[in-house]
Amino acid sequence: MNQAERYEWAREKYGAMGVDTDPAISRLKEIPVSLHCWQGDDVTGFDHDGPLTGGIQTTGNYPGRAKNPEELMQDMDKAMSFMPGRKKLNLHASYAVFEDGELADRDRLEPKHFAKWVEFARERKMGIDFNPTFFSHDKVKDGLTLSSPDEETRKFWIAHGKACIRISQYFAQETGVPCVMNIWTGDGYKDIPADRLGPRMRYRDSIEQILSEPFDKKLVKPCVESKVFGIGVESYTAGSSEFALSFAAFHEGCLPLMDNGHYHPTEFVSDKISALLCFYPEIALHITRPVRWDSDHVVLFDDETREMAKEIVRNDALKRVHMALDYFDAGINRISAWVVGFNSWQKALLNALCTPNQMLKELQDNNEMTRLMVMQEEMKTMPFGDIWAEYLHQCGISSDRKWFDEIMEYEKEVLLKRR
Ligand code: RNT
Ligand code: ZN
């Protein structure tokens, strides 16, 4: 059977389960997913020489890391040429592009420092999401930024946050797509603190000051990302889950952001999505793969990834959930890592769109739990690969492993030749 015949056969199989795969494929083409620039250079950015801080870590030393904007853009283009579906560009403030000799510290960043990225995004018809960078900088004092007891330090980082609001609004105006601006800090303590309330009150006040910067709520969507702990910050994190959820709940227009690497290993974000959808008009996600901790492994088409996508699709929340990838692996070819992670999430969404959600829900509501289990297991062995291949085909991307050969060629010709 050729590709078209295989799709036809698979389409009928899904049809027998009550699923129409054609609209599923068309729908997926329109769903934006935010692609993080920081997979291409191990979260290094262009505005400093120091190490990655903030309690996050990239491990590995695979050759060919992008070292400047041109290389990063080139690599991202290469990766995107193997990704189906609509993308948004996700940038960190540390990726500002400065003209020769020019340098603006983070509290003085301006839209013009991101003009190159706007050009890049516009040419590719992408919106842009943004992140102030509260790490990897000499003004992180004793591991603290927005929650620092040192007023000078806190002021600096508040000014950074405000600058990022202005830049986010600029991104939205230039691209015509709202900008999701995510606030995450690694602020916390390695060992048992004597004051847990003080840093959180300061953190709260700092974010409030950042959000007092005027912006159009239709254009800029600020969020607060929580975390349970970081490396070297094991005992206390100011921006805990309760903190971030409460902040968003009490500040209209501010979204909670859940990163599925930021919880205890037996907690699942797939279970948390619906809980938040009961209360928040919109929420945001960082999609990653934690292995025993917030290790940020490349996203795979695994059980939890599939379950998260199902929760968004079957709750009709594709317009309410802002989806962004957030992982970084420096131990393997970075472009393949980008592709595998992005495409895994695409697969998860397509799989969710090809699930007979209404039928399964009715089984649950009628307490037909045995049949529900049987049907959910049945779905696992459906010919999903043929539907995926058709989606890739319609998006003009080769469905076999040809893309990997091309990346290996690129590695040889481009990546390994970098100094
Ligand atoms: C860190 C957070 C945060 C970062 C990025 C680079 O644990 O997940 O989102 O990964 O901002
Ligand atoms: Zn994250």
Side-chain angles (χ1 to χ4, degrees), residues 33-48 50-59 66 72 88-96 106 128-137 140 143 145-146 157 160-161 164 168 179-188 203 207 222-234 236-241 243-245 248 255-265 267 269 272 283-299 305 308 321-330 334 337-338 341 345:
V33 175
S34 205
L35 182 66
H36 55 317
C37 73
W38 53 91
Q39 160 54 38
D41 76 335
D42 316 336
V43 209
T44 308
F46 311 129
D47 71 345
H48 64 278
L52 177 61
T53 68
I56 53 179
Q57 243 171 34
T58 45
T59 54
L72 189 61
K88 263 182 118 178
L89 172 62
N90 205 357
L91 292 177
H92 245 284
S94 52
Y95 290 80
R106 294 211 186 139
I128 306 179
D129 290 332
F130 199 43
N131 304 258
T133 312
F134 298 104
F135 53 83
S136 301
H137 191 279
V140 179
T145 60
L146 293 176
W157 290 109
H160 175 53
C164 288
S168 297
C179 173
V180 176
M181 191 195 97
N182 175 44
I183 295 175
W184 171 76
T185 77
D187 287 24
Y203 193 15
I207 308 174
C223 2
V224 183
E225 177 180 11
S226 69
K227 187 157 176 171
V228 60
F229 82 96
I231 297 293
V233 196
E234 288 85 358
Y236 168 83
T237 296
S240 61
S241 175
F243 176 91
L245 289 180
L255 283 53
L257 186 148
M258 295 191 292
D259 178 313
N260 65 307
H262 290 192
Y263 298 87
H264 291 285
E267 285 183 83
V269 163
K272 299 176 190 293
I283 64 170
L285 290 182
H286 271 183
I287 301 150
T288 186
R289 179 164 56 105
V291 178
R292 303 187 190 281
W293 68 290
D294 183 34
S295 61
D296 286 301
H297 279 64
V298 176
V299 173
T305 306
M308 280 166 43
V321 181
H322 301 275
M323 302 173 279
L325 294 159
D326 180 19
Y327 56 83
F328 25 93
D329 193 333
R334 293 175 184 80
W338 247 328
W345 184 245

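As the structure lists them, so they are numbered: ligands from 1, and atoms in each ligand from 1. Values reported hereafter were calculated over all heavy atoms of this structure, with side chains retained and with hydrogens, waters and symmetry mates removed.
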Nearest neighbour in protein (non-hydrogen) for [atom]:
atom	value
atom 10 (O) of ligand 1	D326 OD2, 2.8 Å
atom 5 (C) of ligand 1	H92 NE2, 3.5 Å
atom 1 (C) of ligand 1	I56 CG2, 3.3 Å

Show the atoms of ligand 1 that are less than 4.0 angstrom away from any heavy atom in [X].
X	result
D259	8 (O)
F328	10 (O)
K227	1 (C), 7 (O)

Under a 3.5 Å threshold, yes or no: a donor from one side chain and an acceptor from the other, between [X] and [Y]?
X	Y	answer
H297	S295	yes
T288	D296	yes
N90	W38	no

Any side-chain heavy-atom pair of L52 and T44 under 4.5 Å: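 No. Closest side-chain heavy atoms not under 4.5 Å.
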V228 side chain near E267 side chain, heavy-atom distance below 4.5 Å: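 When only atoms from C-beta onward are counted, E267 and V228 do not touch, as no gap falls below 4.5 Å.
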Ligand 1 versus D294: contacting region, heavy-atom distance under 4.0 Å: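 For D294, the contact with ligand 1 is made by the side chain alone.
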For ligand 1, the portion of H286 having any non-hydrogen atom under 4.0 Å away: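 The side chain, only.
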Aromatic contact, H137 with W157 (centres under 6.0 Å):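 Ring-ring flag for H137/W157: true, centres closer than 6.0 Å.
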Validation row, ring centre Y95 to ring centre H36 under 6.0 Å: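 Between Y95 and H36, the centre distance exceeds or equals 6.0 Å.
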Residue H262, metal the Zn ion (ligand 2), N/O/S under 2.8 Å: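 It does not: H262 brings no N, O or S atom closer than 2.8 Å to the Zn ion (ligand 2).
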Apex the Zn ion (ligand 2) - arms OE2 from E225 and OD2 from D259 - angle rounded to 10°: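 Vertex the Zn ion (ligand 2), arms to OE2 of E225 and OD2 of D259: 90°.
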Residue of the set D259, D187, D294 for which salt bridge (charged side-chain N to carboxylate O under 4.0 Å, His left out) holds with K227: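 Answer to the salt bridge (charged side-chain N to carboxylate O under 4.0 Å, His left out) test with K227 among D259, D187, D294: D294.
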Any H262 heavy atom less than 4.0 Å from ligand 1: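 So H262 counts as touching ligand 1.
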Option of least heavy-atom distance to atom 9 (O) of ligand 1 (set: Q39, E225, H36):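 Answer by nearest heavy atom: E225.
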Closest H286 atom to the Zn ion (ligand 2) [N, O or S only]: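 Of all N, O or S atoms belonging to H286, ND1 is the one nearest the Zn ion (ligand 2).
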Atom of D326 closest to the Zn ion (ligand 2), considering N, O or S atoms: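 Relative to the Zn ion (ligand 2), the closest nitrogen, oxygen or sulfur of D326 carries the name OD2.
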Side-chain donor/acceptor of S226 to backbone N/O of G239, under 3.5 Å: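 No.
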